[in-house]
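Okay, so here's the structure we're looking at.
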Amino acid sequence: MGSLRIRVVEDAHELGRAGADLVAEVIAAAPTAAIVVATGRTPMGLYAELAARRRSGVLETKAISAVQLDEYLGLEPDDRRSLFGWMHRSFLEPLGVRDDRVIRLPLDGDLEGACAAFDRGLEARGALDLAILGLGRNGHLGFNEPPSDAGSSTRRVELSSSTIEANARYYDGGRPPATAVTLGMRQLLSARAIVLVVSGSSKRTIVRRALEGPVGPAVPASFLQQAGGDVTVIVDRAAWADGRAS
Ligand code: PGA
């Protein structure tokens, strides 16, 4: 069994710094680390902090591999609203991670077969070194929407209306696609280390349910309580306030 640590920080700024410290430690110990990279607003400060450290020469990131966490289906490959586009702008480009070190999800053809092959390929590389994850208001990790069990693999998913609504903020005013591909819970939960970043009062209820509530598919993030690797949850005061649901 792994460990679960909860670190409460003052605000989103401190969250970025604390998250970057942890990611930098992983990269220092394993310069070729395979790292799952979430999009979403919460990890953006963390990525900006990593990029600043790289620019100042205290962090070398070019040998890491970046693993895509999730992606919408049905977009053109160069659509800037894609999650890959976001990952590219916020992480790959600022950290100098070349295309041949990016592990991208399958998005077309026989998706079931392609996702199974993707998982086999990932497993053949050995455990992921680190997964950087955000928390959905409905308890999702990546696009593992409720209900998702701990053994679910990389697959095509239907997004919930709550996720579509939440992500419309990041979709140039339009409505994001209702189908997507996500890395499975099994792949995420077997990572050597996981950092979950949680910020803001809209996450108060769900972060408590995920970390203190019953473990089960209704709140996929609750499986972090039983993950095999070292889980660090970095949560700001707005999300952790008083322990009371808002
Ligand atoms: P957010 O997204 O960081 O933009 O809140 C989190 C998520 O949906 O996983």
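Every number for a ligand or one of its atoms is a count from 1 in the order of the listing.
- One finds no salt bridge joining Arg17 and Asp11 here, because no Lys/Arg side-chain nitrogen approaches an Asp/Glu carboxylate oxygen to under 4.0 Å.
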Measure from every N or O atom of ligand 1 to the protein's N or O atoms and keep only the pairs below 3.5 Å, writing each with atom names and distance to 0.1 Å.
residue, atom, partner, partner atom, Å
ligand 1, 3 (O), Arg41, N, 3.2
ligand 1, 3 (O), Thr42, N, 2.9
ligand 1, 3 (O), Thr42, OG1, 2.5
ligand 1, 4 (O), Arg41, N, 2.8
ligand 1, 4 (O), Tyr170, OH, 2.5
ligand 1, 5 (O), Lys203, NZ, 2.6
ligand 1, 8 (O), His140, NE2, 2.8
ligand 1, 9 (O), His140, NE2, 3.2

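- Listed by chain and residue number, Asn144, Ser148, Asp149, Arg155, Met185 satisfy the side chain to side chain contact (heavy atoms under 4.5 Å, CB included) test with Ser152 (two or more places apart in sequence, or in another chain).
- Using a 4.0 Å cut-off between charged side-chain N and carboxylate O, Glu165 and Arg137 make no salt bridge.
- In Arg54, the CZ atom is crowded: over 12 heavy atoms of neighbouring residues, nucleotides or ligands sit closer than 6.0 Å.
- Between Glu93 and Arg89, no side-chain nitrogen of the basic residue sits less than 4.0 Å from a carboxylate oxygen of the acidic one, so the salt-bridge criterion is not met.
- Taking all atoms of both residues into account, the shortest heavy-atom contact from Thr154 to Leu183 is OG1-CA, 3.6 Å.
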